[in-house]
Each structure stands twice: as C-alpha cells, then as structure tokens.
Amino acid sequence: MSKLGNIGARLYRGEVGYDFIGKRKIWYGLSILITIVAIVGLGVRGLNMGIEFSGGAVFTTPKTSVSASEAQHKAEAAAGGHQAMAQKLGDGALRIQISGLDTKQAVPVQEGLAKDLNVPVKDVNTQLVGPSWGEQIANKAWLGLGIFMVLVVLYLAIAFEWRMAVAALVALIHDLTITVGIYALVGFEVTPGTVIGLLTILGYSLYDTVVVFDSLKEASKDITKQTRFTYSEIANRSINGTLVRSINTTVVALLPVAGLLFVGGGVLGAGMLNDISLALFVGLAAGAYSSIFIATPLVADLKDREPEMKALAKRVKAKRAAAAAKGASQEEDAVPAPADAEEGDDGTVVGPRQQPASRNRGRGRPSGKRR
C-alpha cells in the first residue's frame with residue numbers, strides 16, 4: 001500500500017487525525033477575510049462584462065502580421081476610446097471585440113481597422129451583439145441559480161436534515177462570492193462560458209459536501225446511546241475519514257483545469273479558455289475548502305446547540321472525569337509488595353510468614369501412621 005493510502009486508512013479508522021472542528025474559529029476568520037477581499041474587489045473594480053452582456057461588435061480579420069496588442073491599440077483608437085480586446089487566432093487572423101458599439105458606430109470602425117491593418121474592408125467580418133441578448137442570458141442564469149439553490153436546500157433537508165442544508169447553502173454562497181471576487185480582481189472578461197463554469201462548480205462543491213455529510217450521518221446514528229464521543233468529535237472523525245478522498249478528487253479535477261488555464265490560456269494564448277477555466281479552477285479549490293473547513297464545522301456548531309447534544313457532551317465529560325479520577329486513585333492505592341510476597345487465593349498479597357492455611361494442608365509432620 002502506498003504511503004498516502006496508508007495515511008488514508010489510518011485516518012478512516014481514527015488512528016490519526018487533525019482537529020478541524022476544534023480550530024473552526026480560525027477557518028471562519030480566514031473565510032471571512034477572503035470574502036471581504038472579494039467583495040471589496042467586486043465593489044471597487046467591478047466585473048469586466050463581455051460583449052455578450054454589455055453589447056458591442058466583434059471584428060474578424062484575415063491573416064495578418066499585426067500582433068494582438070498592436071491591433072488592440074488600433075481598435076481602441078478607431079472606436080474613439082471604447083474598450084477593445086484583440087486575440088490572435090490559430091490561422092494568423094485576428095478577433096477583435098469592442099464593447100458598447102451600435103450599428104452606426106460599427107461601420108466607421110470597420111473601415112478604420114481595415115485601413116490600419118492594411119486589409120480590404122470587405123474581408124473584415126463584423127458581427128453585432130445587442131445588450132438585450134446579454135440581459136436575457138443574465139436573467140436566465142440568475143433564474144437557474146435560484147432554482148438550483150432551492151432544490152439543493154430541499155434535497156439536503158429531506159435526505160439529511162435542515163442544519164446540513166443551511167451549512168451547504170452557506171458553503172455554496174461562500175464559493176460563489178470568492179470566485180466572482182477573484183474574477184473582479186484579475187479582470188478576466190465575463191462571458192457565457194463564465195456562467196457555465198460557475199454553475200459547474202456549484203455541482204462539484206455540493207458533491208464534496210454531501211460526501212462528508214453522508215459519512216457524518218452514518219457515524220452519528222444513535223449517537224445519544226453512547227458516551228464515548230460528542231457530536232463535534234464524531235464530525236471531526238468524519239472529516240478525517242474522507243480527507244484523503246476529498247484531496248484526491250480535488251487534485252484530479254484541478255489538473256486538467258490548470259492545463260486549460262495556465263498552458264492553454266497563458267502559454268498558448270487561447271484567451272477564450274480563460275473565462276471558463278478560471279471559474280472552474282477557483283471554484284473547485286474553494287469547494288474543496290468549504291466542504292471541510294466551513295460546511296461540516298458549521299453543522300457541528302448548529303448541532304451542539306441542541307439540548308440532546310448538550311446533555312450528551314455533559315455525560316461524555318462526566319464519564320471521562322470519572323475515568324481519570326479512578327485511574328488516579330488506582331495509582332495512589334498501588335503499594336509495591338515485598339520481593340518474597342505471594343498472592344493469596346482471594347487476591348490479597350501475603351508474606352512468607354502469612355501463608356493461607358489451605359496452602360499448609362498436608363505439609364505438617366507425618367502422623368506416624370503407616371499406610
């Protein structure tokens with residue numbers, strides 16, 4: 001068995017573990033700090049909405065030797081200051097997006113681009129996108145997100161309990177906020193691919209959380225009939241038992257996404273991959289974090305407030321205190337016996353001159369009778 005597999009087996013059996021629940025205030029504080037940074041970034045910089053949402057024009061040129069950065073400056077100059085984004089395609093052509101252009105403004109921009117890039121005007125393909133289409137996409141995305149949240153809460157409340165449903169909902173909002181905030185800080189363009197990525201990470205985050213909740217539900221069955229562990233301790237054992245599985249699943253999911261983001265978008269220059277890969281990369285990492293450090297500790301906090309769990313915690317504490325006191329008293333009462341002492345039949349320690357009578361039967365002087 002591999003070293004990681006051996007650690008996973010020991011974590012599952014409870015032989016080793018880390019106190020995630022006991023240090024939950026640290027995780028809460030860290031999440032609050034990251035969320036505040038994300039919200040500030042969103043409020044200060046805002047989202048860089050693509051032309052699918054803000055409206056604009058897309059110009060596709062034939063093969064040219066002009067670089068993407070040079071074409072972007074020429075497009076912004078031709079568009080009178082409107083924000084532009086240029087991308088080099090695989091065949092050497094250019095794809096230039098300029099937001100905020102209408103039909104009247106697109107024609108002179110098309111002519112200006114053709115002149116600056118030294119290509120015929122008819123070879124510059126123009127595609128206009130109205131803001132109403134982007135508004136419809138955004139409204140449908142919000143509607144789908146709302147329906148998804150409601151269904152998630154209902155499912156978890158029925159399959160598990162309402163406390164787990166609340167914790168999972170908080171974890172989902174946590175993941176969404178962080179992902180959107182990082183989008184604002186990085187400045188990547190928000191496209192329909194971004195919306196797809198956001199909806200995808202919600203499903204992954206929920207899956208990872210449900211895995212831990214299922215283990216917790218099984219481990220906490222008939223919990224009040226025992227006095228060995230509190231609910232928080234069982235929750236911590238459930239996290240440790242599924243920790244290696246969560247790490248393996250997250251790493252396997254992040255590797256191809258990292259390839260899209262850093263190799264495809266960064267090295268190869270396929271900028272269209274950035275919008276969906278960044279959402280997936282940040283969301284997958286945040287989802288794995290929230291299922292371990294946010295959702296399960298929050299369930300433990302809510303459960304520990306119940307009268308039954310409070311009574312259980314008192315019984316566990318009392319039993320451990322009694323066991324500790326008994327162990328201390330046994331150590332105090334233990335007096336070392338003499339080296340030549342023997343243990344009697346009743347468990348008492350006797351010396352050589354205090355042998356029980358039963359042990360001396362048949363060992364006295366001969367009676368003189370001959371058999």
Side-chain angles (χ1 to χ4, degrees), residues 25-58 68-69 72-73 75-77 79-87 96-101 129 131-146 149 169-202 205 254 257-258 260-262 265-266 269 271-290 293-294:
K25 292 184 178 179
I26 298 178
W27 320 133
Y28 291 165
L30 181 61
S31 295
I32 290 174
L33 178 62
I34 296 175
T35 303
I36 290 176
V37 172
I39 293 175
V40 170
L42 183 61
V44 173
R45 299 196 60 176
L47 292 174
N48 180 20
M49 307 300 293
I51 63 171
E52 293 87 355
F53 297 99
S54 61
V58 179
S69 58
Q72 179 176 341
H73 294 305
E76 291 178 349
H82 287 272
Q83 186 178 4
M85 184 180 71
Q87 178 186 355
I96 303 172
Q97 298 181 8
I98 304 178
S99 59
L101 290 182
V129 180
S132 59
W133 184 85
E135 185 179 355
Q136 293 177 3
I137 293 295
N139 292 336
K140 290 181 179 180
W142 283 112
L143 179 61
L145 180 61
M149 292 291 190
L169 182 61
V170 172
L172 289 176
I173 296 174
H174 167 271
D175 299 342
L176 276 177
T177 304
I178 292 178
T179 305
V180 174
I182 291 180
Y183 246 91
L185 292 173
V186 174
F188 278 11
E189 187 180 27
V190 178
T191 65
T194 306
V195 178
I196 296 173
L198 289 175
L199 295 178
T200 303
I201 65 172
L202 292 180
S205 176
L254 283 178
V257 176
L260 288 175
L261 179 61
F262 299 108
M272 294 183 65
L273 297 175
N274 289 335
D275 51 1
I276 186 172
S277 58
L278 179 63
L280 289 174
F281 187 85
V282 177
L284 291 176
Y289 171 84
S290 63
F293 297 95
I294 302 299

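These values consider heavy atoms only, across backbone and side chains, with no hydrogens, waters or symmetry-generated copies. Remember, predicted model here, so these are calculated numbers, not experimental data.
Here the shortest heavy-atom pairing between Ile196 and Thr200 reads O-OG1, 2.7 Å. The shortest non-hydrogen separation linking Ile178 to Ala38 is CA-CB, 4.2 Å.
For Leu202, the side-chain contact (heavy atoms from CB on, under 4.5 Å) test picks out Leu145, Phe148, Leu172, Leu176, Leu199, with sequence neighbours left out. For Phe281, the side-chain contact (heavy atoms from CB on, under 4.5 Å) partners two or more places apart in sequence, or in a different chain, are Leu254, Val257, Ala258, Leu261, Phe262. Residues satisfying the side-chain contact (heavy atoms from CB on, under 4.5 Å) criterion with Ala184, sequence neighbours excluded, are Leu42, Leu47. Applying the side chain to side chain donor-acceptor pair (under 3.5 Å) criterion to Thr179, with sequence neighbours excluded, gives no partner residue. By the side-chain contact (heavy atoms from CB on, under 4.5 Å) test, Val37 pairs with Leu185, sequence neighbours left out.
Checked by atom type and distance alone, the side chain of Ser31 never pairs as donor or acceptor with a backbone atom of Tyr28 at under 3.5 Å.
Screening residues 36-46 for side-chain hydrogen bond (donor to acceptor under 3.5 Å, both in side chains) gives no qualifying pairs among residues at least two apart or on separate chains.
Atom CE in Met149 sits 5.5 Å away from atom CD1 in Ile173 (nearest 0.5 Å). Here the CD1 atom belonging to Ile294 is positioned 9.0 Å from the CG atom belonging to Asp175, to the nearest 0.5 angstrom. Separation of atoms CD1 (Ile32) and NE2 (His174) is listed at 9.5 Å; rounding is to 0.5 Å. Between the CG atom in Leu198 and the CG atom in Leu280 there is a gap of 8.5 Å [rounded to 0.5 Å].
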Tell me, with the steps shown, if Ile39 and Thr177 meet side-chain contact (heavy atoms from CB on, under 4.5 Å).
CA-CA 7 Å; Ile39 293 175; Thr177 304; 4.0 Å; yes
Working for side-chain contact (heavy atoms from CB on, under 4.5 Å), residues Ile96 and Gln72:
CA-CA 7 Å; Ile96 303 172; Gln72 179 176 341; over 6 Å; no
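In this structure, Trp27 and Phe293 have perpendicular ring planes: the angle between them is above 60°, well past the 30° mark.
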